[in-house]
Enquirer: 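Shown below is the structure under consideration.
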Amino acid sequence: AEHNKPLIGIDHMEGHLYSSFVQNSQGNPKREFEFPYLVLLVSGGHTDLVLFKNHLQYEILGSKRDDAAGEALDKAGRLLGFGYPGAPTMERLSEQVENADKYKFPRPMIRSGDLDFSFAGLKTAFLYFVKKLPEEEKVENLNYLASSFQEAVFQTLVSKTKDAIIQTGVKSVLLGGGVSVNKRLRTLMKRMVKEQGGSVYFPSYKYLNFDNAAMIGVAASFRAERKLFVKDLSELDRKPRLSLKDSSVNPIV
């Protein structure tokens, strides 16, 4: 039977932008919108710095040029012999050595002058380093290899976010996406934002960092208020590589 319900097209990265504002049935956590925000979206497929100007108004400040941060962590985990996804195992091993940065892997594009990210070179440097290590030494230092790689990725993310704060003057920071569940990334981000005199918010429940219906519902509610419904159903399709830059979905004002 036809219900003639209006449909709303949502990019799931738009959902991640709103994930820090998802509330439970009691209306907690109580977070008012105070635009603008600087958002780091960091997952297996995305690494983006976004200026969240107002509801449904975004400006991409920087994006991944190759591997996303989560993808790099997963691939490094695979090189060390872990299953997929490797990132949670990398986090667990890093905690065992208090996130020690024993090997000082490169921080990619840290002085590039822009806000883009690139992790392919870091991954290659790590690959050659691990291949050259004698097996016994590799096994003995598994925790340190994991933590040194994770530090290189996270310190790069935090450094670029700091550059974005300085360039834009926006000191309210949000994190979203699967990698933002990592405790070490949160610690480094909180420390940096505090030093900059700003505030940082994370999704309030662990599951909200990953793809979930709640964040899509929040993003959809702001589109529904503005009656931004799909006009032509034949135009509605899933787009696996959709970017927030796609103005047909997200009019950037």
Side-chain angles (χ1 to χ4, degrees), residues 1-64 68 70 115 161 164 168 170-181 186 189 198-253:
E2 280 194 27
H3 294 287
N4 292 322
K5 294 264 195 224
L7 279 174
I8 301 167
I10 297 284
D11 176 358
H12 88 280
M13 295 315 290
E14 186 173 29
H16 284 304
L17 282 174
Y18 277 99
S19 58
S20 290
F21 297 97
V22 173
Q23 296 174 323
N24 65 16
S25 56
Q26 280 78 50
N28 291 317
K30 293 189 168 30
R31 280 181 197 163
E32 299 298 322
F33 286 96
E34 293 175 17
F35 294 106
Y37 294 97
L38 197 56
V39 191
L40 177 67
L41 296 174
V42 57
S43 66
H46 293 267
T47 306
D48 298 299
L49 272 166
V50 182
L51 186 59
F52 193 1
K53 297 175 174 181
N54 207 328
H55 291 303
L56 315 182
Q57 292 181 19
Y58 325 117
E59 183 185 334
I60 311 285
L61 302 176
S63 292
K64 63 168 185 147
L115 297 171
T161 307
T168 62
V170 175
K171 294 183 179 183
S172 298
V173 178
L174 306 174
L175 255 71
V179 180
S180 64
V181 79
R186 290 182 174 214
M189 193 64 75
S199 56
V200 60
Y201 295 108
F202 307 95
S204 50
Y205 301 96
K206 189 173 180 177
Y207 78 91
L208 292 172
N209 294 275
F210 304 103
D211 293 352
N212 63 87
M215 68 180 192
I216 300 299
V218 172
S221 71
F222 291 103
R223 291 192 167 274
E225 273 177 23
R226 291 157 181 74
K227 305 215 170 358
L228 294 172
F229 303 119
V230 175
K231 292 183 176 64
D232 182 358
L233 287 185
S234 66
E235 296 282 304
L236 184 66
D237 196 7
R238 62 188 186 88
K239 296 177 184 169
R241 289 282 169 262
L242 193 66
S243 162
L244 280 167
K245 289 176 187 166
D246 189 332
S247 56
S248 67
V249 176
N250 297 299
I252 298 171
V253 180

Enquirer: Verify side chain to side chain contact (heavy atoms under 4.5 Å, CB included) between Met215 and Glu14, making sure each step is shown before the conclusion.
Expert: CA-CA 8 Å; Met215 68 180 192; Glu14 186 173 29; over 6 Å; no
Enquirer: Do Thr168 and Leu61 have side chains that get closer than 4.5 Å, going by heavy atoms?
Expert: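 Contact flag for Thr168/Leu61 side chains = yes.
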Enquirer: Could you tell me the separation between the CG atom of Asn212 and the OG atom of Ser19, rounded to the nearest 0.5 Å?
Expert: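 The CG atom of Asn212 sits 7.0 Å away from the OG atom of Ser19.
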Enquirer: Under the ring pair (Phe, Tyr, Trp, His ring centres under 6.0 Å) test, which residues partner Phe52, sequence neighbours left out?
Expert: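 Here the qualifying residues are Tyr18, Phe35, Tyr58.
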Enquirer: Listed by chain and number, what are the side chain to side chain donor-acceptor pair (under 3.5 Å) partners of Lys30, not counting sequence neighbours?
Expert: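 Here the qualifying residues are Asn28.
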Enquirer: Phe222 versus Leu228: any side-chain heavy-atom pair under 4.5 Å?
Expert: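 They are not in side-chain contact.
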Enquirer: So which heavy atom on Tyr207 is nearest to which on Ala214, and how close?
Expert: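 What the structure gives for the nearest pair is OH-CB, 4.5 Å.
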Enquirer: Any chance you could measure Ile216, atom CD1, to Ser221, atom OG, to the nearest 0.5 Å?
Expert: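 If I round to the nearest 0.5 Å, the distance is 11.5 Å.
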Enquirer: Say whether, by atom type as modelled, one donor and one acceptor occur between the side chain of Asn54 and the main chain of Gln57 under 3.5 angstrom.
Expert: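 Flag not set: sc Asn54 to bb Gln57 has no pair under 3.5 Å.
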Enquirer: So, taking the atom named OG in Ser204 and the one named CG in Asn24, what distance separates them when rounded to the nearest 0.5 Å?
Expert: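 Here the interatomic distance stands at 7.5 Å.
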Enquirer: Met13 versus His46: any side-chain heavy-atom pair under 4.5 Å?
Expert: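 Counting from C-beta outward, Met13 and His46 do come under 4.5 Å.
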Enquirer: Once ring pair (Phe, Tyr, Trp, His ring centres under 6.0 Å) is applied, do any residues pair with Phe21, and if so which ones, sequence neighbours excluded?
Expert: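 With neighbours one apart ignored, the set is Phe33, Tyr37.
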Enquirer: Walk me through it: do Phe202 and Val181 pass the test side chain to side chain contact (heavy atoms under 4.5 Å, CB included)?
Expert: CA-CA 8 Å; Phe202 307 95; Val181 79; over 6 Å; no
Enquirer: Identify the heavy atoms of Ala164 and Leu38 that sit nearest to each other, and give their distance.
Expert: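 Scanning both residues, the minimum pair turns out to be CB-CD2, 3.5 Å.
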Enquirer: Looking at every heavy atom in both Gly178 and Ser43, which two are closest together, and how far apart are they?
Expert: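 That closest heavy-atom pairing would be N-CB, 3.9 Å.
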Enquirer: What do the steps show when you test Leu41 against Leu17 for side chain to side chain contact (heavy atoms under 4.5 Å, CB included), and what is the final call?
Expert: CA-CA 7 Å; Leu41 296 174; Leu17 282 174; 4.1 Å; yes
Enquirer: Strictly distance-based, threshold 3.5 Å: is any side-chain N or O of Arg223 a donor or acceptor partner for the main-chain N or O of Ala219?
Expert: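 Not at all, since once roles are kept as given, no pair shorter than 3.5 Å links the two residues.
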Enquirer: What pairs with Asp211 under side chain to side chain donor-acceptor pair (under 3.5 Å), at least two apart in sequence or on another chain?
Expert: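 Counting only residues at least two positions away or on another chain, Asp211 forms a side chain to side chain donor-acceptor pair (under 3.5 Å) with His16.
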Enquirer: NZ of Lys231 to CG of Leu7: how many Å apart, nearest 0.5 Å?
Expert: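 Atom-to-atom, Lys231:NZ and Leu7:CG are 13.0 Å apart.
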Enquirer: Just so I know, are the side chains of Val170 and Leu51 near enough to count as touching, which here means a heavy-atom distance under 4.5 Å?
Expert: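 Yes, side chains in contact.
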Enquirer: Could you report the tightest heavy-atom contact between Ala68 and Gly44, atom names first, then the distance?
Expert: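 Looking at all heavy atoms of both residues, the closest pair is CB-O, 3.5 Å.
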Enquirer: Listed by chain and number, what are the side chain to side chain donor-acceptor pair (under 3.5 Å) partners of Arg186, not counting sequence neighbours?
Expert: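 Side chain to side chain donor-acceptor pair (under 3.5 Å) check on Arg186 returns Asn209.
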Enquirer: Any non-hydrogen side-chain atom of Glu59 less than 4.5 Å from a side-chain atom of Val50?
Expert: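 With C-beta onward as the side chain, the pair stays apart.
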Enquirer: Among residues at least two apart in sequence or on other chains, which ones pass side chain to side chain donor-acceptor pair (under 3.5 Å) with Ser20?
Expert: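 Here no residue qualifies.
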Enquirer: Taking atom CG of Leu49 and atom CG of Leu40, what is their separation to the nearest 0.5 Å?
Expert: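 Between Leu49 CG and Leu40 CG, I get 5.5 Å after rounding to 0.5 Å.
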Enquirer: What verdict does the side chain to side chain contact (heavy atoms under 4.5 Å, CB included) test give for Thr161 and Val173, after you've listed the backbone C-alpha separation in whole Å, the side-chain angles of each residue and the deciding distance to 0.1 Å?
Expert: CA-CA 9 Å; Thr161 307; Val173 178; 4.2 Å; yes
Enquirer: Testing the basics here: between Leu208 and Pro203, what is the closest heavy-atom pair and its distance to 0.1 Å?
Expert: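 In this case the closest contact between Leu208 and Pro203 is CB-CB, 3.7 Å.
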